[in-house]
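In this text, all values refer to a predicted model and were calculated from it rather than measured experimentally. Counting starts at 1 for both ligands and their atoms, in listed order.
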Amino acid sequence: MSMYEAVIGLEVHVHLATASKLFCSCPNSFGDAPNTNVCEVCSGMPGVLPVLNRKAVEYASRMALAIHATINQRSRFARKNYFYPDMPKDYQISQFELPLCEHGYLDISVAGEKRRIGITRIHMEDDAGKNIHPQGENFSYVDLNRAGTPLIEIVSEPDLRSAEEAVAYLKKLHAMVVSLGISNGNMEEGCFRCDANVSIRPMGETRLGTRTELKNLNSFRNVQRAIEFEIARQTDLLDDGEKIVQETRLYDAGRNLTAPMRSKEDAQDYRYFPDPDLLPVVITDEELAAWAATQPELPEARMTRYMDEFHLPEQDAAQLCEDPVLADLFEEAARLCGQPRRVANIMLGMLMRQLNESGIETTALKLTAEPLAELATIIENGTISNKIAADIFPELMKGGIMPERLVRERGLVQVSDTGAIDAVVQKVLDAHPAEVAAYKGGKTKLVSFFVGQVMREMRGKANPAVVNEALARLLA
Ligand code: ADP
Ligand code: MG
Ligand code: ZN
């Protein structure tokens with residue numbers, strides 16, 4: 001078996017959260033009744049003229065600024081010609097030779113190793129509609145609400161070397177678009193979607209191997225698993241002396257595999273040409289300066305600020321800032337209770353566990369800053385132990401529940417009273433003379449046995465620090 005290196009390049013489509021579509025004034029919104037947000041322009045009637053949405057240009061430029069790219073202050077729209085029922089114009093309006101943005105980068109860090117990933121280009125384009133195939137019918141519906149909505153496509157250099165790096169890059173891009181406020185980033189609705197180009201080559205080889213393009217990756221987890229599968233599949237093929245076929249493959253999450261969809265067309269098959277209905281996109285120096293001066297705080301800057309302002313360890317700050325929803329929640333709760341380290345610990349421990357187990361997206365999170373801040377406070381002031389906090393945490397996830405009231409109602413308040421604890425400790429020691437003798441004979445590890453017995457007697461409500469102190473005193 002030879003040693004191969006994986007080479008990955010990502011194409012990410014981000015749906016821009018403008019009020020109207022890219023070239024008409026139809027609402028740019030999701031979930032409405034089919035074909036209600038449609039006009040002559042976005043349904044491709046003959047003789048109509050598109051008018052560019054300036055807000056989309058601003059949003060695309062903000063992303064370009066965030067990745068330190070060159071912004072072409074004069075770019076151009078092109079027609080990408082192909083036929084598909086969800087696209088009545090028979091061409092997509094995209095950018096080809098002169099995209100809005102080129103030569104950017106984004107730094108990622110995986111397992112402590114920092115790497116700079118090149119971003120080839122960002123261009124603007126309009127989205128297609130949606131075909132809906134009713135189960136058991138021999139016809140399909142077409143919904144054009146999405147047709148003509150604004151997208152940016154962010155194309156990376158083939159600089160990524162593993163599935164982990166690809167996911168780290170994607171998560172960072174995702175946090176950026178959400179922080180910039182240019183997209184809601186919802187992956188399930190397809191507002192942030194990614195195709196992964198994957199190839200492998202023998203270690204030390206500098207030429208690129210033949211790639212496949214993976215589609216249908218609608219979560220970070222699927223991106224990870226699809227790339228891992230594809231690297232393994234290509235490795236097996238090369239090891240067996242076979243060749244990789246350049247093609248588009250669909251990821252099947254249920255079976256965790258990729259299967260061929262179609263052979264990859266070459267770019268010229270789309271017969272790109274400049275769209276004669278649209279003027280070049282011109283961005284003035286004043287516009288660019290104004291956008292640059294009003295960029296929101298980006299995840300990297302936020303992370304540094306969390307380390308300075310809240311004294312969080314780098315790893316914790318990085319994990320929180322990976323997701324703007326979590327970062328906002330942290331910051332609000334930390335300000336409310338003045339216990340940033342405690343809030344971070346709760347979020348990265350109990351909250352992460354709940355999110356992972358339930359698969360809930362953070363955008364659907366019901367836990368708010370007030371209960372979170374109160375939980376931090378009552379742990380900090382000794383009202384409850386971490387253990388009790390973890391026990392009630394799943395209930396707090398439902399939202400609208402204040403933890404202090406909950407623990408009082410349930411009688412879960414921690415006992416720190418030395419007298420009460422001494423009495424229980426003495427009772428436990430009296431009931432286990434053999435263990436006491438063994439402890440005194442040098443088996444000091446038995447202390448955790450005694451702690452366990454005391455906790456059982458007191459139904460987990462004893463303050464562990466006070467119990468330990470009492471044991472040390474009464475066993476001396
Ligand atoms: P297309 O639009 O046909 O998919 P592009 O040239 O725009 O083609 O490339 C798309 C993506 O594929 C880019 O992110 C690029 O980095 C990546 N890519 C190109 N060649 C390879 C390769 N051999 N292995 C992995 N990724 C590649
Ligand atoms: Mg592609
Ligand atoms: Zn329209």
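- With ligand atoms numbered from 1 in the order given, ligand 1 contributes 14 (O) to contacts under 4.0 Å with heavy atoms of Leu10.
- If you number the atoms of ligand 1 from 1 as listed, the ones under 4.0 Å from a heavy atom of Val7 come out as 24 (N), 25 (C).
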Ignoring hydrogens and angles, write down the donor-acceptor pairs under 3.5 Å from the side chains of residues 317-327, residues two or more places apart or on other chains.
| residue | atom | partner | partner atom | Å |
| --- | --- | --- | --- | --- |
| Asp323 | OD1 | Val325 | N | 2.9 |
| Asp323 | OD1 | Thr362 | OG1 | 3.4 |
| Asp323 | OD2 | Thr362 | OG1 | 2.6 |

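- Under the 3.5 Å distance criterion, with hydrogens and angles disregarded, a donor-acceptor pair is assigned to the side chains of Glu102 and Asn72.
- For His15 and Phe192, the distance between ring centers is not under 6.0 angstrom.
- Cation-pi check for Arg116 over Tyr105 is met; the charged atom lies under 6.0 angstrom from the ring centroid and within 45 degrees of its normal.
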Exercise for review: Could you walk me through whether Glu230 and Thr212 pass the side-chain hydrogen bond (donor to acceptor under 3.5 Å, both in side chains) test, one step at a time?
Suggested key: CA-CA 9 Å; Glu230 187 59 17; Thr212 57; 2.8 Å; yes
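- Under a 4.0 Å N-O distance rule, the pair Arg249/Glu213 does not qualify as a salt bridge.
- For an aromatic pair to be called close, the ring centres must be under 6.0 Å apart, and Tyr306 with His311 fails this.
- Near Glu157, meaning under 4.0 Å from one of its heavy atoms, ligand 1 places the atoms 16 (O).
- Shown in contact with Val155 at under 4.0 Å from a heavy atom are these atoms of ligand 1, numbered in order with element: 13 (C), 14 (O).
- Judged purely by distance below 3.5 Å, without hydrogens or angles, the side chains of Asp269 and Tyr82 never pair a donor atom with an acceptor atom.
- Of all the listed residues (Pro158, Ser156, Gly118, Gly209), Gly209 holds the heavy atom that lies closest to atom 23 (N) of ligand 1.
- Protein N/O/S atoms found under 2.8 Å from the Zn ion (ligand 3), listed by chain and residue number: Cys24 SG, Cys26 SG, Cys39 SG, Cys42 SG.
- Put simply, the residue from Phe96, Tyr91, Tyr272, Phe23 that forms a ring-ring contact (aromatic ring centres under 6.0 Å, His included) with Phe77 is Phe23.
- Heavy-atom proximity to atom 8 (O) of ligand 1, evaluated over Arg211, Gln246, Glu213, is greatest for Arg211.
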